[in-house]
Amino acid sequence: MAQTTTTLDGDWKMGQAAALRETLMAALAEGDLRLDTIALTAADCAVVQVLLSARRSAAQLDRNLHIDIAEGGALASMLDRLALTDAFAAA
């Protein structure tokens, strides 16, 4: 099974959530996925929801989804504000 690496960088907002979902689902259909969010500078709640959904979809597809979250980075800060840090602890 192949592993794909996808990078999220810059600002990701609600308007890009659908495209992100499609990208993640296509990658998971092919195999495991590593999502690099180290260079992400902003993410809103819609993006976090897509990432949560992708984790559930990966589990249902028996795929591995690893999300690289930079300590103190944009995604880590948003997860902290939403009290979802623990939900992504094993990501």
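Fair warning: this is a prediction, and the values are worked out from it, not measured in the lab. Throughout, residue positions are numbered sequentially from 1 according to the sequence presented. All heavy atoms count here, side chains included; hydrogens, waters and symmetry mates do not.
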Working for side-chain contact (heavy atoms from CB on, under 4.5 Å), residues V48 and L79: CA-CA 8 Å; V48 172; L79 295 177; 3.8 Å; yes

Write down the atom of A54, the atom of L24, and the distance for their closest heavy-atom approach. CB-CD1, 3.9 Å

Where do T6 and T23 come nearest, in terms of heavy atoms and distance? CG2-CG2, 4.2 Å

If you apply the rule side-chain contact (heavy atoms from CB on, under 4.5 Å), what do you find for D44 with D11, and how did you get there? CA-CA 9 Å; D44 66 8; D11 293 350; over 6 Å; no

Would you name the heavy atoms of A42 and K13 that are closest together and state the gap between them? CB-NZ, 3.8 Å

Quick one, F88 with L75, criterion side-chain contact (heavy atoms from CB on, under 4.5 Å). Give me CA distance, side-chain angles, the key distance, then yes/no. CA-CA 10 Å; F88 283 84; L75 184 55; 5.6 Å; no

Between L65 and R34, is any pair of side-chain heavy atoms under 4.5 Å apart? no

Considering all heavy atoms of both residues, which atom of C45 and which atom of L82 are nearest to each other, and what is their separation? SG-CD2, 3.7 Å

Looking only at non-hydrogen atoms, find the nearest pair between A43 and M78 and report the distance. O-CE, 2.9 Å

Where is the tightest heavy-atom contact between I38 and I69, given as atom of each residue plus distance? CD1-C, 4.2 Å

Please evaluate residues D68 and H66 with respect to the criterion side chain to side chain donor-acceptor pair (under 3.5 Å), reporting the C-alpha separation (whole Å), side-chain torsions for both, the decisive distance (0.1 Å), and the verdict. CA-CA 6 Å; D68 295 321; H66 178 81; 2.7 Å; yes

Given the rule in the side-chain contact (heavy atoms from CB on, under 4.5 Å) test, do L33 and T5 qualify, once you have shown the distances and angles that lead to the verdict? CA-CA 6 Å; L33 175 61; T5 299; over 6 Å; no

For D36, the side chain to side chain donor-acceptor pair (under 3.5 Å) test, sequence neighbours excluded, returns none

Under a 4.5 Å cut-off applied to non-hydrogen side-chain atoms, are L52 and L84 in contact? yes

State, yes or no, whether a side-chain contact exists between T37 and W12 at a heavy-atom distance under 4.5 Å. no

Any side-chain heavy atom of S57 sitting closer than 4.5 Å to one from M25? yes

Hey, is the main chain of L28 close enough, under 3.5 Å, to the side chain of R63 for a donor-acceptor pair? yes

